Structure formats: structure tokens, C-alpha cells
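In what follows, a structure is listed as C-alpha cells, so that the remarks can point back to it.
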2 protein chains.
Amino acid sequence: MRKENSTNTLNKQQMEKDCGMSYTLSTIGGRWKPAILWRLTHGKMRYSALRDSIPQVTERMLVLQLRELEKDGLIKRLVYAEVPPRVEYELTEKGNSLKAVLNSLSDWGAKNRIS
Amino acid sequence: MRKENSTNTLNKQQMEKDCGMSYTLSTIGGRWKPAILWRLTHGKMRYSALRDSIPQVTERMLVLQLRELEKDGLIKRLVYAEVPPRVEYELTEKGNSLKAVLNSLSDWGAKNRIS
DNA sequence: CGGTATCCTGCGTGATACTG
DNA sequence: CAGTATCACGCAGGATACCG
């Protein structure tokens, strides 16, 4: 393994930047998380509405990614004790603070795809 | 497969947003691309300097991701006909325009990690 | 110095069927 | 309605050795 330049201050600043970026990418990464988060920025949604608004996702993947987003504190899962059952998802404050990031991703993409 | 709501205008707007986000994530995604891009925002760098500033990366992965970044038009590869050989990498205009995105990723991460 | 060439592994994702 | 349970698999990523 190569030698680390552990005393270089610039390196430490870079490591912090790297850390921030990879933390963010790991929480919003995953095939369906950006789409889910984006939809929830418009407000609370039921499970079925979320599912129908992302036609390509399988229920397995939708639920898996919802659970991860919940675990990471980005969304809240609201269960109503009714028949038939009703479950809604909404962004937490932390989740809402992602809106700027999602917009920046979306804007850059809009300007630069179309080779 | 479930039915698509292909006439819903809101859905189309969402699809555009999704597209932009996933295009961006696919170009800056990958384990080492954010780190590489971030370093190059400080200016031109030699291959060996890049490699040494990211101690954990293997040469295989470094080169693979450099090639993809080049193919996507984010960086330029400058080869000097010297002995010993010298290769430098620098951001293109398109690559430079990513700086805002990278900063937004890094800033959100810095504020929100540390559970 | 700046890379390639092989081989290998895990994990993220998908298809499909079933359930409280 | 809102999920689970299984099975399967490709491919991003890593280890290691070698090259012009």
C-alpha cells in the first residue's frame, strides 16, 4: 500500500470535503432515493401514491429505500390505525434541508445532458 | 407491471427532475469521482500527485474513473512527450461548472453527519 | 512514470409470488 | 392497502502482478 501524506494540511481539508460528499452521496444514493425524496418535497404522500408516481420501481425496492431514508432520519412514516390501512410518508426537517442539494443536482443535469 | 399515469403533467415534470438528478449522479457517482473532481477544482494535477492525494485508491480504479470522467467531458488529459513521461489532468469548462454541485454535496454532508 | 491485464467477490438491484 | 419472502444476477469495485 502506498504511503500516506498524513501531515499535509491540504490533504486534511480534502479529506473533510471527501467525507461530506460521500456522506451525502451515501444517504441520497441508491437507485430510487432521489426520486422518492423529490416527490416528498411537494408534501406528504401515501405509499400507493408514491408507488404510482414512480412506475418503474418494484415494491420491494420502494420499501427498502423508504426504510433506509427513515433510518437516516430524512423521512417520517405515519401509520393511521384505520381499515383499510393507510400509511403516509413525509420529509423531516433534515429531509427538507436536502431540497437545495436535489435542486442543484437536477439543475446541473438539465443543463448538461443532451450531449 | 403497474399502469403508468402517462397523461399527468405533474408526473412529466417529476420525470424531468428525475432525469436531471440521475444524469448528474451517474456522471459524478462512482466511488472515487467526487474526490478526483474536488482535487482538480484546485487546478491541474499530475497523475502521481492525484494518486498520492487519494491514498486509498488503487491505480486500476483511479485510471478507470479518470477515463470515464474524460469520456464524459469533465476533464482533459494532457500528455507531454518527455522522458520520463508526464501526464496531467485538468477540469474542462463543463467540469468546472460542477464545483457548485460538489460544494452543495459537501456542505450538506458537513452539516448533517455526526449523528 | 503512468499505466494494463486477470481474476475474483459482494452488494445493490430485479422478478416473482405471497400476506396481515 | 401496504407491504414480505425467496431466489437470482450483473457489475462496480478490489487484490495482485506485470508493462512500455
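Keep in mind the model is a prediction, meaning the values are calculated, not measured.
The distance from atom CG of A:Leu64 to atom P of D:dT4 is 9 Å, rounded to the nearest whole Å. Rounded to whole angstrom, the span from the CG atom of A:Leu62 across to the P atom of C:dA15 amounts to 14 Å. Spacing between atom CD of B:Glu82 and atom P of C:dG3 amounts to 14 Å, rounded to whole angstrom units. Taking atom CD of residue B:Glu59 and atom C1' of nucleotide D:dA15, one finds them 13 Å apart after rounding to whole Å. Atom CE of B:Met45 is separated from atom P of C:dG3 by 14 Å (rounded to the nearest Å). Put simply, CG on A:Leu66 is 14 Å from C1' on D:dT4, counting in whole angstrom units. Distance, A:Leu78 CG to D:dG3 C1': 16 Å, rounded to whole Å. Look at CZ on A:Arg67: it is 17 Å from P on C:dG12, rounded to the nearest Å.
B:Arg60 contributes no side-chain N or O that forms a donor-acceptor pair with the base of C:dT4 under 3.5 Å.
Taking 4.0 Å as the cut-off between side-chain N and carboxylate O, A:Asp52 and A:Arg46 do not count as a salt-bridged pair.
OP1 or OP2 of D:dG14 has not a single side-chain nitrogen or oxygen of B:Thr58 nearer than 4.0 Å. Note on B:Arg31: every side-chain N or O is 4.0 Å or more away from OP1 and OP2 of D:dC11. Between B:Arg51 and C:dC1, a side-chain N or O to OP1/OP2 separation shorter than 4.0 Å is absent.
Each of B:Glu88, B:Arg86, B:Glu59 was scored for a side chain to side chain donor-acceptor pair (under 3.5 Å) with B:Tyr47, with one residue passing: B:Glu59.
Rounded to 10°, the helix from C:dC1-D:dG20 to C:dG20-D:dC1 has 60° between the axis fitted to its first five pairs and the one fitted to its last five.
In this structure, the nucleotide among D:dA15, C:dG3, D:dA2 sitting nearest to the side chain of A:Arg77 is D:dA2. With distances taken from any side-chain atom of B:Val87 to the nucleotides D:dA2, D:dT4, C:dG3, the minimum falls on C:dG3. Considering only side-chain atoms of A:Val63, the nucleotide from C:dG2, D:dA2, D:dT4 that sits closest is D:dT4.
Nucleic acid contact class of A:Tyr89 (heavy atoms, under 4.0 Å, all strands): sugar-phosphate only. Nucleic acid contact for A:Gln65: sugar-phosphate only, since backbone atoms but no base atoms lie under 4.0 Å from a heavy atom of the residue. Residue A:Glu88 is classed as having no contact, given no heavy-atom separation below 4.0 Å to the nucleic acid.
Side chain of B:Thr24 to backbone of A:Gly109: a donor-acceptor contact under 3.5 angstrom is found. For the pair B:Ser106 (side chain) and B:Leu102 (backbone), a donor-acceptor distance under 3.5 Å is absent. Formation of a donor-acceptor pair under 3.5 Å by the B:Lys94 side chain with backbone atoms of B:Asp72 is found in this model. Looking only at distances, no side-chain donor or acceptor of A:Arg77 sits under 3.5 Å from a matching main-chain atom of A:Glu70.
By the 6.0 Å contact criterion, CD on B:Glu93 is open, its count of non-hydrogen atoms from other residues, nucleotides or ligands being 12 or less.
When the side chains of ILVMFWY residues are joined at heavy-atom separations under 4.5 Å, either directly or via intervening members, A:Val79 and A:Leu62 end up in a single hydrophobic cluster.
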